[in-house]
Every structure is written in structure tokens, then in C-alpha cells.
Amino acid sequence: MAVSEEECSSAKSRSSSSTSSSTYYLAKCVLRGSVVLQVLYGHIRSPSSLDVVFGKETSIELVVIGEDGVVQSVCEQPVFGTIKDMAILPWNERFRPSYTQMLGKDLLIVISDSGKLSFLTFCNEMHRFLPVTHIQLSNPGNSRNQVGRMLASDSSGCFIAASAYENRLALFSTSVSAGSNIVDKRITYPPDGEGDSVAPRSMQKASICGAIWSMCFISKDHGHLTQDNNAVLAVLLNRKGAILNELLLLGWNIREQTIHVLSQFLEDGPLAYEVVEVPQSYGFALLFRVGDALLMDLRDAYSPCCVYRIGLHFPPNVEQNFIEESYRVQDADDEGLFNVAACALLELRDYDPMCIDSDDSSLNTNQNLVCSWSWEPGNNRNRRMIFGMDTGELFMIEMNLDSDGLKVNQSACLYKGLPYKVLLWVEGGYLAALVEMGDGMVLKLENGRLIYANPIQNVAPILDMSVVDKHDEKQDQMFACCGMAPEGSLRIIRNGISVESLLRTAPIYQGITGIWTIKMKLSDAYHSYLVLSFVEETRVLSVGLSFIDVTDSVGFQSDICTLACGLLDDGLLVQIHQNAVRLCLPTKVAHSEGIELSSPARASWFPDNIGISLGAVGHNVIVVSTSNPCFLFILGVRKVSGYDYEIYEKQYLRLQNELSCISIPEKHFTQKESNFFMNSVENSIMSTLLNGVSSDYIIVIGTHRPSVEILSFVPSIGLRVLASGTISLMNILGNAVSGCIPQDVRLVLVDRFYILTGLRNGMLLRFEWPHSTMMNSSDMPMQSPVIPFLLTSPDSFNKELRNTTILEKHEDEIPSSLQLIAIRRIGITPVFLVPLTDWLDSDIIVLSDRPWLLHSARHGLSYTSISFQPSTHVTPVCSAECPNGLLFVAESSLHLVEMVHSKRLNVQKFHLGGTPRKVLYHSESKLLLVMRTQLINDTCSSDICCVDPLSGSILSSFKLEMGETGKSMELVRNGNEQVLIVGTSLSSGPAIMPSGEAESTKGRMIVLCLEHVQNSDTGSMTFCSKAGLSSLQTSPFREIVGYATEQLSSSSLCSSPDDASSDGIKLEETEAWQLRVVYSTTLPGMVLAICPYLDRYFLASAGNAFYVCGFPSDSFQRVKRLAVGRTRFMITSLTAHVTRIAVGDCRDGILFFSYQEDAKKLEQIYSDPSQRLVADCTLLDVDTAVVSDRKGSIAILSCSDRLEDNASPECNLTLNCAYYMGEIAMTLRKGSFSYKLPADDLLRGCTVPGSDFDSSHNTIIASTLLGSIVIFTPLSRDEYELLEAVQAKLAVHPLTCPILGNDHNEYRSRENPIGVPKILDGDILTQFLELTSMQQESVLSSSVGSAKPSSKSKPVSIPINQVVQLLERIHYALN
């Protein structure tokens, strides 16, 4: 958990921070960037699936758009590089891959900063993209003249083109021969050695000398393709000094291996900027120009011609039902300075793609540009395209090419919003429309109109954040300033899977021992009953418009604790308790399809003088077990007459080991396609589960042996063991891990069968049958290594199982041995497994110390935390009003929640208008203080507003002067009072000169007091969640009648479900908060940074100077400037810790200052050893600073332990460690974090050496322009060295290496001096947990990948259990 710096211990002495000289950190991204730059559509997972791929610069996300238009994430993974362009390589029948898993699937082509052309395929087994091959194009980084900027692929999947920024491109043809080589031939144009020379002007006309703006292939009819088919590539080129762009057609003669310029097209008129092929037209392309588009006939590549001109000047009036939203170029704010300084001083690009650093606040002059487009998929008759203009309007164009000639139809405006960067038209009539700095949307095409369907969340850019994690309120959330005007918003970001808290009962449910939901019929879509079991009581409630107690009408015995219950057959319910098994037929009072009797019909079965310990109910079968003595009973039910039924014994057996859990998989009548081979035992299980009318059953049990067993019951044969797996775990000291008794067990079928087991000691296991798969056969050794934690190897299973079968009979039969695939510890309390549905491929809620959602389709064990408080029980509740409900039992209350599948991110949005720049949490008022800029009104363009964190309502605001722009703000305490210091800019234009020095500007420093004011209105002011009120008014679950009658309280969406304030905040009836000015002064420069200092001063920057300010005589009416310090360049950040002051500027990096109170003098103590354009900085202690720069790096610097009196002003700081993120971190926050599991105190024998290291107050949280949130957590030296060795092996292993071909070590070391220790990469390390135990062993035993250890001593082997335990703790805490 992370908390704000206010919660951390602020006063540390220099002696307590002496450990800073050796700093070890691990970086883990907990929220990946949400800016989508590329969108692709194809058969990614299988030949029959249609999937969407989002390219996000540093990560790839695979999503699907469902029939309801909801975007759901399938997987997201970092690429450990920077994506430059992506394309789909359609499946080509000519290509015969080496792996049958790739048959019929499209490949993903990516060009990146690795300098390689990467071919990726989606591996369903690993549930992630894996590289098929890489082709080296250029050196990493790619200069303007090196190929690696833009991609194009032929629609037939035969050709690929890659271009440089200018002067050069390369063509590739796909292979026609068997093997793993995808690319058959390649050619570069101009040939190597000619591109860098200066050609005569006459030769330039017949070359591609110039900037390449766009390119596409001109496809030929697939029916006429031959092996020697020549490629035609259309290239839009801007020659140096030319006013207009020209269209070149290049032809590749594959037989002669030559490229020629076939023709050139240049027409006077507007500037052309994009060329797009018309699909399935075999020779036509659209040439987009400013204000129009030309339909080009390129069937004869030697004589291109325009056959139709499409005008793009549309009338300004749009129908009123379209969304009208204003749009303008974003002004920069601070930091118009960075546009010039970043390029001139640190060789950054000369523009900011996120548009946050431009001071241009002028209105956007729309030029009628097509900024995005997408063709309709699957339509081969009429080619239809939806395109978006820079005005935000969406139009459709339809082209019909037939024997009657060309027909072009153009629609009126279909929709109006923001200018869309990317459009994607998918099956089902949905259109995904994405913008750079705001939420995208899914639109539905209906009756010639586009209608809003669902959002596509995008939190980028994150300009500021405030982490609010108050221990007394149990909150765990982050408030972030996201987006830019007009889409600026305040977001509440939480980790884990988002849940919507619908209702919560009073805490009157003490002593619940079990909770279940039951249907009335097997074919019902919704549940009918909710069963609550207490220590000495059982209640049955109906699920419907109200929860009504129907225990007596159902027939369950109410004065006893229920062990299990379920639906036996249509209308037949079964209750299992300690003394008997009861069959019940509910009456019509309980359900409309009940029996027409005054009381329910019942039948019971009693064991002979034995108490029942466990039970389970399946379709027409009941299984119960006893202890002391241990028996297993298989029971059936037969009809005697009318409503009279009899429970009878089918078989009973004496057990050698007591059972700990029983599970009966549901039978189904359909089988999903599987790509994996199944052995005879799995085929037997499959046939049994698919035959819904047979009397054969599969039963999964856990025993006190301990073990898991799969049993088959066939009436003619009896009960027999199909498979068995022994559970015997040990720690690194060789001691057996206690408590390995199975608490719950489930059979799962996703492509293959596996058994999921939760243990009573908080561990989670996965068992499988051994298989030969693509991963095991191609990348893994054939022999089976020793499985970690297991006392015996797999080879010893058969010998052991001859005498340890759970049954006394069939001792001559040897069951199949289950292989332990993965082991995870998720807590210390027993692990319960609750599937979301009855299907065998359903995701499963794993309940231990906290709730998790296990993704059943993933490889190994992959689970994500659910954003809900620790709970003891959970059950799915499905009704017409709440189809995806979950009922949790927590703190003696029932909580009805719903997992929000429509939200890919656990983020809530409050639209505030303008651009939120800064956010602070005011603990006294429990309000958020937000600075906004770029407001569109007549009175001001910037203000500071008070926002209710529950509803997002703006309660009050303080408006700055007209033309004044807010730049910085900070809460400062003076004695017992707290005020808000605001820094502004009174000048327009850039704040920095090209040299890095500050421009001559003016700013203002304002002191604001947040105080109570009296409302003239006598009404009550109540602030609570709008969503919560809506849920209370419209939800059908408003009350529970009968036994469970109580008033339910609405739980706000804006607060954590376990939040003490989740019922809303009620202010005093005539009370409110308002900002009031108590002091202001003008300063000679923009006030870009403010920070508190020593609890009685504060620091404020103005240009290249900063001031130590104070309040005389504890009064806020006047501010006194006590001292001034200066740097050579513009100051961009200020931070302080105790007496240390850290100043960051736009060139010299971080400078350490000290303030002498007696002399009222500032003195520079240390300086940065490197030039650095500082984005933000924070101090861990008086000696250590963490700094982010505008080139995507994070560095940790510290000063030596020598006394300051002897230090030279030019004394350099020491660079302890660094990390290249590939993203610009605009905000750094110091927090508190501990990755210690609750189990650690119980497992002292298997803790990692050095795990007692205290990291609780040195965690750093960083937010980036791309919308990522990264946590940097400190490690002990032993932990660092252990994980460093693991990282080195993961970085080169085929299953975990960077998928774009980057050298991981080189990538994370960019922009940093050679030899500087690196911060460990948590993203690549956590991949270790996604591997099976055998794959983990293979990675660690591999001879490749040798880390450079931090110490002279290096362990001979890497202990796998230490690695898993350490990574589990980090994963547990960060989720």
C-alpha cells in the first residue's frame, strides 16, 4: 500500500539515512499507459476470432469489442521498447509455419526502436504475444535515414514495406517454402551505399529523395497471384524545398531483384498528406489532400490518373442531436519553456506529441483535414469508409465499382465530437473512435447514424496526482489530474478489478459459515434462492425484487448448520447437514413453479450413527463423506409417486484418508474447440461431462493424506480413481510446510483440463496431466526436472500410488499421476474457490486474506486483486435486475457488488472542464483542491476549485485574474493553521530562452485561506455519491423481508467499499468551505514551483531564482522573503526534506542547497554530475534525491557522508542507480509501502535472507504523460542480488525476453552513464510468476543470461522457492 508523504515520518536525522549510499530499487508498472496510437483488427487468437490490438508505444493490449459494444481487455503486456508503427500480416495460404498453432492466424508486424522488424503471434497457452522472428533493419534508435519509421503490408499477406523518415525504404516478400522463415526476399531502395550520397537533381526526380509521408501497397486480384508476382508500392513524398507532395509508384521486380520508379503524379492544388488503398478494388487508392480527396486509378501503374474528386468542405450547421464540443490547441502552461529548451539543450524532439508544452492558446484553425479513417470489414460489394475530420465530425463515403462504372456517395455528418486520432470499424456495426488526451468511445451505426454506445477509457496525460491512503479511513486510491481541455478530468484510480458497490446491509450477520445461490431449474438463467448458513441456523431467501425469507416454504431445516446444498434436478433442492441429507420440493409460495401444496414435500436420508462432515450436490447425484470412521457415500434419488421421492445409496466405501473437500463438476452439452491433445483419461472425463443423460459422474476430492483425486463413478463399475496428485511441500530448510490440507478444489477446462486447489495454509496449487505442447517441445527440455517444493520427483509417484489410493478396492489399478504445475501463496487463511458461473471455463474468485479473481484461461496461475475489502464468504448472484452480482460477507454485513466488465481500468471520472493541473487533498475539510487552466469563460481562464471527492461536485472556486495562469500550488502549515500558496504567471509567451535562461516575465504569489462560510440557504447540504443514490432508488434489492429485514445503505462508487465514509459526507446544515485571499505579491518571473520547508517556511521559485519565505508573528496577512538563491537556468521543481533543499532546473539538473537560519543565507552544497532537464524531484532523506527528466529516465542521486562545512559548491552528487522508463514521469510522490506478506511471520524458516530490510518509507510513485503509474520500491542488498540474477536470465529466455528484440540491459540503461547500477525491472521479473514450475526451473538452470553481480560472491544456483516467495510478496502488495 502506498500513502502520501504526509503520512510518512518526516523528520529523519542524517545518521538514520546513512544507508542511502547503497540504494537498491525495483520498478513495477501498476497501471499501464492508456494512450492508443495504433489500432489493428484481425484473426489474432484463432482463425475464427476477430480481435482488436491497441498499440500504446510501450505496451500492446489485445481487446475484444463484444456484441454490446463493451471493450474488454484480453491481455496487456509491456514490450520493453518503443513501438513506432504496427501492421497486420494477413494469413497467407502460401506461408506454411513450423507450428500448427499458427495456422490461419494473422501475424502482428511491429517496427520499434530496436531497429528490428518483429513478427509476433498470440500464444493461447502462454496468453501473451511471443516473437516468431526478428529482421534487423538498422541500428537501435533509428536515425532519419535508417529504415524503421513506418510500415505497410499487402492485403494478400505477400509483401511488407518499411520506410525511414526520409530517403530510404525496404521491401520484403513472405516465404513460400516450409520452415520458420517468414521473409523470403528483401530489398532496400536506394541500394546500400547510394542513399547517403548527394545525387544530381535529374536523378532525384526518379528517386525517393525526400521525406516519406505515407505509403501503401496497390494489391492485385488474389486469383491472379503467382510466385513471381511483382509488388507495386505507392509512396507520398515531400522533396526538399518542394511546396507540394508527389505520389510515386514503385515497382519491385522480384525475379531481377530491382526497384524502379514506375510513375509520378503531381497535380497543382492542395497539399496531399495521406495515400490509402481501397480494399478489394485491385488498383484504386484515395489520396487525401487539404480540403479534398482524390480517387486514383492506379491499375496501370505507369499512368496513374484521378477519376473522382471528393470535396471535404462541409456546411457548418450540424443537427442538434449530435454532440457539440469545442476544441482548441492546448496551451502549455509552464513549460512552454520545454519546447525550445528540450531540443536545444538535450536534443529532444522539437515538439511534444502530447501538446502539453506549447504556450499557444490560440484557437485551432480547422483546415478540413481527414485525421482518421477506417474501412467497413467484410463488405466486398460496396466499399464504405468512415472518416473523421479535424473538426471532430464523422462522415461516410461509399464507392461502388461495377460494370456500370464508378459511383461515389457521401453522407451527411454522422456524429460530432473531438478530432479522433484513430478509427476502427469492426464487425457488428461498431466503430471505435480514439483521441489522444481524453476518453475514446464506441459508436454504433444504426439507420445511417452513429450512436454513442460505450467509453474507451484514457487517463493520459497524468499531470499531477495525490495519493490518499489514510490508515484510519482505510482508503486506497489516487486522485489524478488527467487529460487536457476540453476533456480534462479528475480521476480516482484504484488498483485491482473495479467493482460497483450496490448495497450493503447492517452488520447483523454474525457467525455465517456458508453462503450459496441455487436455481429452481437447471436451464434457468437466474438464481432463485440465497441460502445463508449460521453456526446453529439456516435461512433461505428468495432472489427477486426483494430478498424474502422463504425457509419454511422451501423445506430446509432451519435450526441446524448447513454443510452444503444445491439443485439436484428441476424443482428438487438438497440440503446436507451434520445429521442427514434432506430433499425438498418448494411450494408456490417460495417460487412460482413450486408444487401446489400447503407445505413443501420432503425426503431424508440418515447415516447410521455417523456424523456427516462434507457433502456436494450434482445433477442427479449426492456425495457425502463422514469422519471417524471415514466413509464415502454416493446417493441417488428416485420418484416413488406424485411428490414422494426416496434417497437411496448407490455405493458406499470405506476410506483410508479422511476427505477435506468435495466438488462435482457440472455437466454440459457443448464442447469448445481445443488446440491441445488430450490423453485417454482426459477424453474419458470429457465424454462423461458432455453426456448429460448418463448416470456416470466425475467427482473431485481433496484428502487429508494430503492429495487431490479425480474419481469416476459408473453404476456398473462403481467408484474408481482416474488421477491423483500428492501434496507435499517443503521450505528451503527442508522442513515440511504445515497446513497443506486442501480446503477447496475445482476442475477447470480451458483448452485442457487442470485441477485448481486451495489449501488451508493460504496456498494455491494447479495440477495438470503431463502434456507435450509447443512450449514444452520446442523451448523446454524433454526431461522432467525435479518439481520445486515437492518431496518426491514425478517418477516416484507411481511407486507411491500403488498403496495409497483412497479406496480399499481396485488396488491393482494405478491412476494417472497429476503433475504439480504452479504454486502460489496468496495469504495465511484457508483458500476458497468460487466460480463465477457453472461452466468449467469460468473465472474463479479466490478468497483468502483478500479476494482475487483467477483468470482460468491463463497459463500457470494468474490472478488479479478485486477492489474490495477482505471477506469471509462470497457467492455469485444472478438476477434479471443484477445479472453479474456478487454477494460478499464482510464485517458481519452482506455486500451486493457487481464487477464492472465495461471498465478496462479501475478508474472513476469526474469531468471538471478545462485542464486540471494540480490536485491536493485537504485533510481537515476532506476536500480536493484542484487547479484548472484553459477554462473557456468570460471572467477567467484559470481557477482553484474545491471538489467533493465522493461526488465530484465543485463546491466553490477562486478565480484568478483575466489573463493569469495558474502554475503551482501547495498547502503550507504555519503553527496550527494551514494555508494554500498559489503561484501564477502574469505573462504570455515562452518562459525560457533557447539558451535555457529564464525569459523576462512576471508572476504572482497568492496566499489563500480555506475557511468555513455560512450559507444563507437554511436547507441541509449533503454531499454523497450520485451513483450511490441512483443505485438505492432503482435497485430491486432495496430490502430483505422477514428474518433479514433491515434498511440497506447505499455504498458510494467514489469510495472504497470498506471506507468509513462510504455512506457519504454530510456537512453541517449551514456550513461550507470557501477560498479567501489573505495576501498576494508580484514576483519577477513565473512561479513554477512551491514547497513547504521546516514546518514554518515555504519555498517559491520565480524564473531562475527561488525564495525562502515565512509568515511573521504567525500571521498570514503578510509574507516575508528571508533569503534568495539563484541557479543558472530556469527552475522547474522545488522539494525539501528537513533542512535539505533540492532545486531542479532545465539544464543543470538537481542542485542541493542548505539554508542558514541565523545568517538568513542560502548556500549551494552539491550539484548534479549530468545535464538534466528536470520534470520532477523528491527527497527520500537529507542525502538522497529521486529525479525524473524529460527524456524518460528516473535517477537516484545522493551526496557523500562528509560534513557539509568541508564540501565544495561544485561537489558532485553520486548517481546511485538509474532506470530508463521510456515515458516522461511528470509527477513523483514519496510514499509508504511494504511488500511483507501476513504469512511471513508464520514462515520464518523460509524467508529470503535480508527480508527484514525496512522499506516502509522510501517508496516512490511516478505518473507519466502516457497515463502509466510506476512504483519504485526499495530492496535489501540480498534481495537485489537474487532478483538481479533472475532478471538477467529472464531477459534472454525465449518465453520472457523483450518481444520486439530489444537488448533489455541496453534499453533500461539508455540516457544514463555506462556502468551505473540499474533499478530492477519488475515487469520482466513478474513474468516469472506466469510460468509453470517446470518452465521456472528451466529458466533458472539455463546457462545463458549471466548477471553482473553487485558483490564478489555469487551463489552457485538460484533457489527457485526464494525467488517465487519474494516475487509473490511484491505482487501481493502491489495488487
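Heads up: numbering here begins at 1 and tracks the sequence.
Closest approach of Phe1272 and Ile1194 over heavy atoms only: CZ-CG1, 3.7 Å. The shortest heavy-atom contact between Ile88 and Ile109 is C-CD1, 4.3 Å. Here the closest heavy-atom approach between residue Met437 and residue Pro461 is recorded as CG-CD, 3.6 Å. Nearest heavy-atom pair, Gly1222 versus Tyr1307, reported as atom, atom and distance to 0.1 Å: CA-OH, 3.9 Å. Between Leu151 and Ala87 the shortest heavy-atom distance is CD1-N, 4.2 Å. Considering every non-hydrogen atom in both Gly115 and Gln136, the closest pair reads O-NE2, 3.3 Å.
For Asp85 (side chain) and Met150 (main-chain N/O), no donor-acceptor pair under 3.5 Å exists by modelled atom type. The main-chain N or O of Val1186 is never found under 3.5 Å from a side-chain atom of Thr1178 such that the two would form a donor-acceptor pair. With hydrogens and angles ignored, the 3.5 Å screen pairs no side-chain donor or acceptor of Gln146 with any backbone N or O of Ser138. Ser466 places no side-chain N or O within 3.5 Å of a backbone atom of Phe479 that could act as its donor or acceptor partner. The backbone N or O of Arg1172 sits nowhere less than 3.5 Å from a side-chain atom of Asp1189 that would complete a donor-acceptor pair. Distance alone, capped at 3.5 Å, is enough to place a donor-acceptor pair between the Ser34 side chain and the Val459 backbone. Remark: the backbone N or O of Leu1320 is not paired with any side-chain donor or acceptor of Glu1284 at under 3.5 angstrom. Side chain of Ser1188 to backbone of Asp1176: a donor-acceptor contact under 3.5 angstrom is found. Proximity of a side-chain donor or acceptor of Asn458 to a complementary backbone N or O of Gly438 within less than 3.5 Å is detected. When atom types are taken as modelled, the side chain of Ser114 and the backbone of Leu1300 share a donor-acceptor pair closer than 3.5 angstrom.
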Any chance you could lay out the side-chain contact (heavy atoms from CB on, under 4.5 Å) test for Val1270 and Cys29, step after step, and finish with the verdict? CA-CA 4 Å; Val1270 183; Cys29 183; 4.3 Å; yes

Run the numbers on His855 and Thr864 for side-chain contact (heavy atoms from CB on, under 4.5 Å), then give the verdict. CA-CA 8 Å; His855 309 286; Thr864 308; 2.8 Å; yes

Output, in order, the C-alpha distance, side-chain angles, deciding distance and verdict of side-chain contact (heavy atoms from CB on, under 4.5 Å) for Thr1214 and Asn1216. CA-CA 6 Å; Thr1214 300; Asn1216 287 335; 3.9 Å; yes

Does the pair Leu1088 and Ile1131 meet the rule for a side-chain contact (heavy atoms from CB on, under 4.5 Å), with working shown? CA-CA 7 Å; Leu1088 298 185; Ile1131 294 175; over 6 Å; no

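Under the 4.5 Å side-chain criterion, counting only non-hydrogen atoms from C-beta, Ile1260 is in contact with Leu1180. Taking the side chain as every heavy atom from C-beta outward, Thr1227 and Ile462 never approach each other to under 4.5 Å. Inter-residue side-chain proximity for His127 and Ser862 is flagged as unmet; no heavy-atom pair is nearer than 4.5 Å. Looking only at side-chain heavy atoms (C-beta outward), Val79 and Ser112 stay at 4.5 Å or farther from each other. Residues Leu1265 and Leu463 have side chains in contact (heavy-atom distance under 4.5 Å, counting atoms from C-beta outward). Under the 4.5 Å side-chain criterion, counting only non-hydrogen atoms from C-beta, Tyr1219 is not in contact with Ile1196. Counting only heavy atoms from C-beta outward, the side chains of Leu26 and Glu1279 never approach each other to under 4.5 Å. When side chains are defined from C-beta on, Leu62 counts as touching Phe129, because their heavy atoms get closer than 4.5 Å.
Glu76 and Arg32 are not joined by a salt bridge, as no carboxylate oxygen comes within less than 4.0 angstrom of a charged side-chain nitrogen. Salt bridge present: Arg1229 and Asp464 bring a charged side-chain N and a carboxylate O closer than 4.0 Å.
From Leu1367, atom CG reaches atom CD of Glu1330 across 11.0 Å, with rounding to the nearest 0.5 Å. To the nearest 0.5 Å, atoms CG (Leu1179) and CG (Leu1228) are separated by 11.0 Å. Of the inter-residue distances, the one linking Leu1290 atom CG with Thr1296 atom OG1 reads 4.5 Å to the nearest 0.5 angstrom. Annotation: the span from Ile492 atom CD1 to Gln477 atom CD amounts to 5.5 Å, rounded to 0.5 Å. Rounding to the nearest 0.5 Å places CD1 of Ile493 at 4.0 Å from CD1 of Ile1269. Distance check: Ile1271 CD1 to Lys28 NZ gives 9.0 Å after rounding to the nearest 0.5 Å.
Residues that satisfy the salt bridge (Lys or Arg N to Asp or Glu O under 4.0 Å) test with Asp1321, not counting sequence neighbours, are Arg1308.
Side-chain atoms of Asn1312 and Lys1318 form no donor-acceptor pair, as typed in the model, at a separation below 3.5 Å. Between the side chains of Thr1326 and His1371, not a single donor N or O lies within less than 3.5 Å of an accepting N or O. When only modelled atom types and interatomic distance are considered, Gln457 and Arg491 share no side-chain donor-acceptor pair under 3.5 Å. A donor atom on one side chain and an acceptor atom on the other are found under 3.5 Å apart for Glu61 and Ser73. The closest side-chain donor-acceptor pair between Ser1268 and Glu1223 falls under 3.5 angstrom.
Centroid-to-centroid, the aromatic rings of Phe119 and His134 stay 6.0 Å apart or farther.
Aromatic ring orientation, Tyr1280 versus Tyr24: tilted (interplanar angle from 30° to 60°).
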